[in-house]
Amino acid sequence: MRVAVVPGPGESGLLRELRDDGGPARPVVRVDDLAAAVREYERSDEPRWVWPSAALVYQRLLQAGVRVARCHDVALAEALISGRDAALGAGAAPGTAGTPMGAPAPDTLLADARALLKAAEANAPSSQELGQPVLFDAVEAGAGEHVDPRALLDAVVEIHADQLRCIAADEHPDKFGLLATAESAGSLVAAEMTLAGLPWRPEVHDGLLTEMLGPRPKLPGQRPARLAELADQVAAAFAKTRAQMPGSRPVNPDSPAQLLQALAADGIRLSSTRLAVLKDVDHPAIAPLLEYKELARLASAFGWSWLDTWVRDGKFRPEYVVGGVVSGRWASRGGGALQIPRLLRRAVVADPGWVLVVADAAQLEPRVLAALAGDRAFADAAMGGDLYAELATAFGGERAKAKVAMLSAMYGGAGGEAGQLLAILRQRFPAASGYVEAAARAGEEGRVVRSVLGRTCPPPSANWRALTEDPADPDAERDPRAGQASRARGRFTRNFVVQASAADWALVMLVSLRAELAKIISRNGAGDGLSPGPSAAIHDRDGGRPELVFFQHDEVIVHCPQDQADAAAEAVSRAAAVASRLVFGPTRVAFPLSTAVVDCYADAK
DNA sequence: ACCCCCTGCGCG
DNA sequence: AAAGCGCGCAGGGGGT
């Protein structure tokens with residue numbers, strides 16, 4: 001059963017039961033306690049909640065201690081569908097892209113509905129307000145004034161019905177429908193993960209910082225001792241030449257411009273101050289500079305102020321942006337959640353009596369390519385545990401060469417010996433090479449490509465089209481930037497088919513894992529498997545339940561009581577199997593997950 | 001004071 | 001010959 005839902009003033013809300021085709025089945029119902037009404041439906045009717053967005057509805061439910069099993073997120077589905085349909089003008093790439101859809105022209109009613117939905121979205125609270133009830137209420141109250149709940153509900157119902165038609169009209173409705181469902185479920189996971197938080201030990205983090213940087217500076221803008229020391233060494237290394245330049249200040253190692261200038265004054269001209277460039281330079285400033293850059297990076301991105309801002313009550317609670325990346329990967333807002341330095345994983349420690357189940361999909365992208373392309377020889381290599389090792393025989397037994405060849409094929413690399421290795425790849429694994437080559441060609445020609453579940457890459461910009469279109473006069477000289485732009489887009493689409501399909505698999509794995517974990521919870525009789533509470537309360541009540549606490553492209557972390565670790569690990573491997581079957585159907589390609597049960601994230605793999 | 005773009009680097 | 005892909009964030013430096 002589908003039920004449309006929007007929040008109203010205070011605790012209230014509006015509900016409307018829908019038919020399977022999205023049409024209204026019953027009149028609109030107003031409830032005083034929305035969370036209670038939702039909980040009641042969850043007990044008996046296996047509803048799929050149809051709501052404008054998780055930000056508008058689910059956060060509020062979670063705050064009230066109510067989880068749901070399934071939803072249709074209208075905003076996320078909209079992004080998938082309009083992403084697909086925006087590509088129509090660009091022309092579809094055969095084999096990898098869809099055909100034009102028979103989507104009905106948006107009539108004014110739908111257009112109005114969409115405008116209304118947008119207005120509501122603009123007022124949605126961010127996940128960050130989740131942990132701050134006072135702010136949350138204030139924002140929510142503000143949102144209520146701008147958009148009439150009844151009008152919003154009607155808009156949700158209309159758009160949802162239209163979306164079901166758009167999905168059914170897809171070239172592969174089952175897969176595209178799975179994508180919309182998984183994306184929606186992903187937003188449930190995202191909100192729940194923000195609430196749960198990644199266990200984070202501030203004292204461990206602080207200890208690492210102090211060890212490397214020296215004690216925390218008294219004043220915020222101040223350089224920690226070790227950084228100040230290194231900055232002085234860098235400046236000193238340039239001092240001799242600088243002394244002859246009147247009015248010159250000490251070189252600031254944070255300023256690429258000053259560094260380039262200072263190096264040039266000493267006769268060293270560089271294209272940039274990147275690590276890779278600096279590494280090979282012979283100058284007394286380089287050694288302290290490289291160390292400075294590494295430590296300064298840590299201090300500015302994940303230093304004490306980060307700790308103050310992002311860690312509360314032993315938990316790091318970033319906001320995840322589902323589908324925030326064109327490829328369908330998640331993005332995050334605040335705290336650089338998806339760029340946590342490996343070094344700081346030392347600070348991610350399970351609660352007492354709990355463990356972290358860390359699972360990582362091994363060599364996901366090349367395996368995805370093997371499954372996508374249906375390359376028999378390649379798929380055979382992908383049946384085992386180490387794909388690159390299996391491929392190595394084709395490259396004179398050198399695993400490293402096999403890896404370079406694969407990465408070059410997926411990224412469009414051609415430097416160094418890549419060209420030679422690609423030739424081998426093309427010869428031994430023609431279907432796999434052909435798949436990414438076709439995607440690259442489609443991109444170069446301005447067409448779009450799609451992931452295995454039908455996520456579509458953006459069409460080229462107007463700028464790109466203007467730049468790359470054939471000149472009206474065939475004798476006219478072509479802009480040299482045209483070829484460059486064309487090849488750049490080719491690399492993008494080449495990578496998109498792999499990265500986006502890997503994201504499809506990872507997303508389906510993640511939401512399947514959520515479902516598997518819910519089974520454990522209900523088996524254990526820990527509540528109904530749906531209702532969370534503040535995690536402290538759960539610890540006290542029944543020993544706790546497994547919680548997804550982190551997701552990073554091809555890696556998940558489950559935080560759970562020690563005695564549930566085995567069950568959680570089994571859930572992970574079942575989820576991977578489910579994802580492989582749902583996304584790729586029958587395939588001989590294996591998608592192994594390396595799973596570790598650890599106290600500390602840094603101890604995984 | 002603020003905004004915007006660039007550079008550089010962390011993660012996958 | 002050359003430019004393998006995708007992000008978020010901080011700081012510098014120029015603009016207003």
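Heavy atoms only: backbone and side chains are in, while hydrogens, waters and symmetry mates are out. Throughout, a chain's letter reflects where its sequence line sits, starting with A, and its residues are numbered from 1.
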(message) Can a donor-acceptor pair be found, under 3.5 Å and without considering hydrogens, that links the side chain of S501(A) to the backbone of V452(A)?
(response) yes

(request) Please figure out whether G413(A) or S332(A) has its closest DNA chain C nucleotide nearer the 5' end. (result) G413(A)

(request) Answer yes if the side chains of S594(A) and D360(A) hold a donor-acceptor pair under 3.5 Å, and no otherwise. (result) no

(message) Apply salt bridge (charged side-chain N to carboxylate O under 4.0 Å, His left out) to residues R489(A) and E445(A) and explain how you reach the verdict.
(response) CA-CA 9 Å; R489(A) 184 170 164 81; E445(A) 292 166 7; over 6 Å; no

(request) Rounding to 10 degrees, work out the angle separating the end axes of the helix from dA1(B)-dT16(C) to dG12(B)-dC5(C) (five pairs an end). (result) 0°

(request) Report yes or no: does T194(A) contribute a side-chain atom to a donor-acceptor pair with the main-chain N or O of R317(A) at less than 3.5 Å? (result) no

(request) Would you indicate, yes or no, if dG6(C) has its OP1 or OP2 atom less than 4.0 angstrom from a side-chain nitrogen or oxygen of R329(A)? (result) no

(message) Strictly below 4.0 Å: does S255(A) bring a side-chain N or O up to OP1 or OP2 of dG13(C)?
(response) yes

(message) Restricting to ring-ring contact (aromatic ring centres under 6.0 Å, His included), what partner residues turn up for F584(A), sequence neighbours left out?
(response) F591(A)

(request) Using only side-chain N and O atoms of R342(A), determine if any of them is under 4.0 Å from OP1 or OP2 of dG12(B). (result) yes

(request) Tell me whether the OP1 or OP2 atom of dA10(C) has a side-chain N or O from Q339(A) closer than 4.0 Å. (result) no

(message) Is it the case that the side chain of R367(A) and the backbone of A362(A) share a donor-acceptor pair, with hydrogens and angles ignored and the cut-off at 3.5 Å?
(response) yes

(message) Looking at N252(A), I'd like to know whether one of its side-chain N or O atoms comes within less than 4.0 Å of OP1 or OP2 on dG12(C).
(response) yes

(request) Send over the distance from L295(A) CG to dA10(C) P, rounded to a whole Å. (result) 18 Å

(request) May I ask you to verify if any side-chain N or O of T273(A) is less than 4.0 angstrom from the OP1 or OP2 atom of dG8(B)? (result) yes

